[in-house]
There are 2 protein chains.
Amino acid sequence: MTLNITLRALSDPTRRKILELLKKQDLAAGELGKDFDITLPSLSHHLSVLKQANLVVSQRQGQEIIYSLNLSVFEEIAEKLYKFFKK
Amino acid sequence: MTLNITLRALSDPTRRKILELLKKQDLAAGELGKDFDITLPSLSHHLSVLKQANLVVSQRQGQEIIYSLNLSVFEEIAEKLYKFFKK
DNA sequence: TAGATATTTAGACAATTATCTAAATTATAT
DNA sequence: ATATAATTTAGATAATTGTCTAAATATCTA
């Protein structure tokens with residue numbers, strides 16, 4: 001995963017809010033939707049961007065699709081950003 | 001400086017390259033320009049975004065305007081990002 | 001002061017991205 | 001099988017952002 005794709009994914013406030021919510025607990029798309037003023041298709045788009053950036057993973061559970069943080073990648077990103085900011 | 005403004009500023013590859021170049025040495029706008037295929041006004045726009053995000057500072061020296069990293073803010077950002085990624 | 005150099009500002013245009021509605025997909029339940 | 005529920009995909013539109021050219025500003029030098 002390139003730093004580019006990661007930072008693009010992180011550059012949107014809605015997506016960062018999604019990540020914040022997923023820090024607390026795994027959530028289905030619909031559950032997440034309750035915290036936003038956008039339509040579900042819009043939310044779905046943001047989730048797709050986060051998935052492409054490998055920041056979240058999803059897993060179907062019956063009718064729902066449960067999203068959760070991809071913790072190992074979070075660590076990897078932290079390291080990349082640390083290197084970037086280390087002069 | 002909000003994380004929002006910072007991440008927006010960092011989300012562009014051109015701007016990240018500017019920061020990488022400034023890690024090595026302070027540079028005038030025109031000097032920076034040699035490393036990019038965009039016009040100086042476009043570069044100037046990117047520099048302005050980085051300044052608004054407080055990632056760089058500038059200082060006139062005769063005809064030139066010298067850009068340099070705002071190192072203290074770099075530290076602050078590293079901390080914010082660390083907190084963001086810390087579950 | 002006039003001309004040259006370095007950079008920015010203004011304003012227009014093009015590319016990207018976020019959003020919406022409508023329709024499609026997948027699973028459950030009757 | 002049909003209807004309902006959860007979510008995504010498709011396609012259109014609007015907002016944002018990056019880029020350009022032309023003009024303005026600031027500094028230096030002859």
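Computation of the quantities below employed the complete heavy-atom set of this structure, encompassing side-chain atoms and omitting hydrogens, waters and symmetry-equivalent molecules. All values reported here derive from a predicted model rather than from experimental measurement.
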A/Q52 CD to C/dT16 C1': how many Å, rounded? 14 Å

Contact under 4.0 Å: B/S42 side-chain N or O vs D/dC20 OP1/OP2: yes

Whole-Å distance, B/I18 CD1 to C/dT7 C1', equals 14 Å

Could you give the CZ-to-C1' distance, from A/F36 to C/dA18, as a whole number of Å? 14 Å

For B/L47 and D/dG18, give me the distance from atom CG to atom P, rounded to whole Å. 13 Å

Counting C-beta onward and ignoring hydrogens, is there a side-chain heavy-atom pair between B/L3 and A/L10 closer than 4.5 Å? no

Is A/V49 reachable from A/L69 through a run of I, L, V, M, F, W or Y residues, each pair having side-chain heavy atoms under 4.5 Å apart? no

Atom NE2 of B/H45 and atom P of C/dA12 are separated, to the nearest Å, by 17 Å

Closest to the side chain of B/I65, out of C/dT7, D/dG18, D/dT7, is C/dT7

Consider only side-chain N and O atoms of A/N4 and A/T6, and report whether a donor and an acceptor are under 3.5 Å apart. no

Testing D/dT19, D/dC20, C/dT19 for proximity to the side chain of B/T39, the answer is D/dC20

Rounded to the nearest 0.5 Å, the CG atom of B/L32 sits from the CG atom of B/L47 at a distance of 6.0 Å

Looking for any heavy atom pair under 4.0 Å, which part of the strands does B/Y67 touch: base, sugar-phosphate only, or nothing? sugar-phosphate

Distance under 6.0 Å and angle within 45° of the ring axis: does A/K23 meet both against B/F84? yes

Measuring only between side-chain heavy atoms, which start at C-beta, is A/N54 closer than 4.5 Å to A/V73? yes

What is the separation between atom CG on A/L50 and atom P on D/dT7, rounded to the nearest whole Å? 16 Å

Protein-nucleotide distance (A/L40, atom CG; D/dA5, atom P), rounded to Å: 14 Å

Nucleotide of D/dT8, D/dT19, C/dT7 approaching B/H46 most closely (side-chain heavy atoms): D/dT19

Could you please name the option among D/dT19, D/dT8, C/dT19 that lies closest to any side-chain atom of B/I38? D/dT19

Out of D/dT7, C/dT7, D/dG18, which has the shortest distance to the side chain of A/E64? D/dT7

Please report, rounded to the nearest Å, how far the C1' atom of C/dA6 is from the CG atom of B/L43. 12 Å

Take nucleotides 23-30 of chain C nucleotide by nucleotide from the 5' end and write B, S or -, depending on whether a protein heavy atom sits under 4.0 Å from the base, only from the sugar-phosphate, or from neither. ---SBS--

Salt bridge or not for B/E76 and B/K80, using N-O below 4.0 Å? yes

